[in-house]
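As the structure is a prediction and not an experimental result, all values here were calculated from the model. Side chains are part of it too, since the values below use all heavy atoms of this structure and drop only hydrogens, waters and symmetry mates.
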Amino acid sequence: MTSLADLRRDYARAALSESDVLPDPIAQFRLWLDQAIAAQLPEPTAMSLATVSSDGHPSARMVLLKAADARGFVFFTDHRSRKGRELEATPRAALCFFWPELERQVRIAGPVEHIARADSAAYFRSRPIGSQLGAWASHQSSPLASREELEQRLIEVGARFGDEDVPLPEHWGGYRVIPQEIEFWQGRPSRLHDRLMFRRRDGGWELVRLSP
């Protein structure tokens with residue numbers, strides 16, 4: 001059996017200096033995301049979303065980024081899911097993007113808010129019909145007796161709406177993480193990685209270098 005302690009990779013693809021990054025961290029993020037997309041990486045918009053329950057228990061899962069602008073980072077989910085319940089109890093979250101082929105990572109943290117209902121509806125209408133029906137059929141994070149139960153629910157939902165437009169469920173919509181910190185990480189040799197952190201300060205951004 002391979003020893004996990006012996007698995008390692010030295011990073012030497014690029015460096016990241018203060019003069020390299022754009023003064024606006026959102027623009028810098030979009031630059032890195034565009035480069036990840038151009039490199040045809042698998043699921044470049046996938047991000048780890050960490051939340052915490054009202055009694056302090058953390059949880060994390062992978063979700064897909066659907067918008068990023070000056071207001072924040074948007075994803076969609078069932079409000080009744082574990083992440084939805086935890087965000088209602090403690091509306092703060094952390095995100096992490098990892099693009100190993102580029103030896104890059106971006107970490108984001110801040111408060112969370114619901115996006116406008118009309119914006120959730122517009123995105124919901126853009127989804128494939130199967131995904132729209134799935135949002136009605138699945139009560140995310142709740143126990144299921146079997147896979148067959150879920151598939152039966154999907155059949156029932158399909159029959160319910162027929163050829164009609166599928167409406168946005170009340171229990172489904174978007175959240176926005178409003179960044180207070182954005183860290184750009186570039187792998188470097190000997191684990192002496194470059195870490196540049198933008199922090200909100202007086203309506204602007206402060207840039208600091210962190211020890212690796």
Undergrad: Does some side-chain heavy atom of Glu101 sit less than 4.5 Å from a side-chain heavy atom of Pro42?
TA: yes
Undergrad: May I ask you to decide if Leu102's main-chain N or O and Gln186's side chain share a donor-acceptor pair within less than 3.5 Å?
TA: yes
Undergrad: Could you check whether any side-chain heavy atom of Phe98 comes within less than 4.5 Å of a side-chain heavy atom of Ser48, counting everything from C-beta outward?
TA: no
Undergrad: Tell me whether Leu133 shares a hydrophobic cluster with Phe124, the cluster being built from Ile, Leu, Val, Met, Phe, Trp, Tyr side chains joined at under 4.5 Å.
TA: yes
Undergrad: Quick one: do Arg195 and Arg188 satisfy side chain to side chain contact (heavy atoms under 4.5 Å, CB included)? Show the steps, please.
TA: CA-CA 10 Å; Arg195 298 176 62 190; Arg188 297 295 302 277; over 6 Å; no
Undergrad: Has the side chain of Trp136 got a donor or acceptor atom that lies under 3.5 Å from a matching backbone atom of Pro167?
TA: yes
Undergrad: For the atom pair CG (Asp69) and CZ (Phe29), what is the distance rounded to the nearest 0.5 Å?
TA: 11.0 Å
Undergrad: Going through the distances and angles, do Arg200 and Trp205 end up as a side chain to side chain contact (heavy atoms under 4.5 Å, CB included)?
TA: CA-CA 5 Å; Arg200 291 276 190 188; Trp205 292 99; 3.2 Å; yes
Undergrad: Measuring from atom CG of Asp20 to atom CZ of Phe184, what distance do you get when rounded to the nearest 0.5 angstrom?
TA: 12.0 Å
Undergrad: Just by distance, do the side chain of Arg30 and the backbone of Ala68 share a donor-acceptor pair under 3.5 Å?
TA: yes
Undergrad: Taking the side chain as everything from C-beta on, heavy atoms only, tell me whether Arg191 gets closer than 4.5 Å to Tyr11.
TA: yes
Undergrad: So if you build clusters from Ile, Leu, Val, Met, Phe, Trp, Tyr with side-chain heavy-atom gaps below 4.5 Å, do Leu65 and Leu41 land together?
TA: yes
Undergrad: Do Trp99 and Val106 come close enough that some side-chain heavy atom pair is under 4.5 Å?
TA: yes
Undergrad: Verify the cluster assignment for Ile129 and Leu154: are they in a single hydrophobic cluster under the rule of side-chain heavy atoms below 4.5 Å apart?
TA: yes
Undergrad: Would you call Leu210 and Trp185 a side-chain contact if the rule is heavy atoms closer than 4.5 Å?
TA: no
Undergrad: Under 4.0 Å between a Lys/Arg side-chain N and an Asp/Glu carboxylate O for Asp194 and Arg209?
TA: yes
Undergrad: Please indicate whether Gln40 has more than 12 foreign heavy atoms, meaning atoms of other residues, nucleotides or ligands, lying under 6.0 Å from its CD.
TA: no
Undergrad: Less than 4.0 Å between a side-chain N and a carboxylate O, is that true for Glu156 and Arg160?
TA: no
Undergrad: Testing the basics here: between Arg71 and Arg176, what is the closest heavy-atom pair and its distance to 0.1 Å?
TA: O-CD, 3.2 Å
Undergrad: Under 4.5 Å between side-chain heavy atoms, counting indirect links through other Ile/Leu/Val/Met/Phe/Trp/Tyr residues: same cluster for Phe76 and Ile108 or not?
TA: no
Undergrad: How close do Pro111 and Gln180 get, heavy atom to heavy atom, and via which atoms?
TA: CD-CG, 3.5 Å
Undergrad: Check the surroundings of atom CZ in Arg147: do more than 12 heavy atoms from other residues, nucleotides or ligands lie under 6.0 Å from it?
TA: no
Undergrad: Under the side chain to side chain contact (heavy atoms under 4.5 Å, CB included) rule, what do Glu103 and Arg9 come out as? Steps first, then yes or no, please.
TA: CA-CA 10 Å; Glu103 300 175 356; Arg9 171 183 168 187; 3.2 Å; yes
Undergrad: Going by heavy atoms in the side chains, are Val63 and Arg61 under 4.5 Å from each other?
TA: yes
Undergrad: For Asp55, does the CG atom have more than 12 heavy-atom neighbours from other residues, nucleotides or ligands under 6.0 Å away?
TA: yes
Undergrad: Classify the ring geometry of Tyr175 against His79: parallel below 30°, tilted from 30° to 60°, perpendicular beyond 60°.
TA: perpendicular
Undergrad: Under 6.0 Å between ring centres, would you say that holds for Trp32 and Phe97?
TA: no
Undergrad: Mind checking whether Lys83 and Arg85 have side chains closer than 4.5 Å, heavy atoms only?
TA: no
Undergrad: Compare every heavy atom of Ile26 with every heavy atom of Asp24, then report the nearest pair and how far apart it is.
TA: OD1-N, 3.0 Å
Undergrad: Under the side chain to side chain contact (heavy atoms under 4.5 Å, CB included) rule, collect the residues that match up with Leu207, sequence neighbours excluded.
TA: Glu18, Val21, Leu196, Phe198
Undergrad: Taking side chain as C-beta onward, heavy atoms only, is Met62 less than 4.5 Å from Glu43?
TA: no
Undergrad: May I ask you to decide if Gly174's main-chain N or O and Ser120's side chain share a donor-acceptor pair within less than 3.5 Å?
TA: yes
Undergrad: From His171 NE2 over to Ser81 OG, what is the distance, rounded to the nearest 0.5 angstrom?
TA: 10.0 Å
Undergrad: Please enumerate all residues that pass side chain to side chain donor-acceptor pair (under 3.5 Å) together with Gln28, with sequence neighbours excluded.
TA: none
Undergrad: Please determine whether residues Val112 and Trp172 belong to a single hydrophobic cluster, defined as Ile, Leu, Val, Met, Phe, Trp and Tyr linked transitively by side-chain heavy-atom distances below 4.5 Å.
TA: no
Undergrad: Atom CD of Glu206 and atom CD of Glu181: how far apart are they, to the nearest 0.5 Å?
TA: 10.0 Å
Undergrad: So which atom in Pro44 and which in Ile37 form the shortest heavy-atom distance, rounded to 0.1 Å?
TA: CG-CG1, 3.8 Å
Undergrad: Taking His139 for the side chain and Asp78 for the main chain, is one N or O donor matched with an acceptor at less than 3.5 Å?
TA: no
Undergrad: Counting only heavy atoms from other residues, nucleotides and ligands, does the tally under 6.0 Å from CG of Asp6 exceed 12?
TA: yes
Undergrad: Nearest heavy-atom pair of Arg82 and Pro58: which atoms, and what distance?
TA: NH2-O, 3.9 Å
Undergrad: Under the side chain to side chain contact (heavy atoms under 4.5 Å, CB included) rule, what do Arg92 and Thr51 come out as? Steps first, then yes or no, please.
TA: CA-CA 7 Å; Arg92 299 191 66 84; Thr51 56; over 6 Å; no
Undergrad: What heavy-atom pair brings Arg127 and Ala135 nearest, and what distance separates the two atoms?
TA: NH1-CB, 4.2 Å
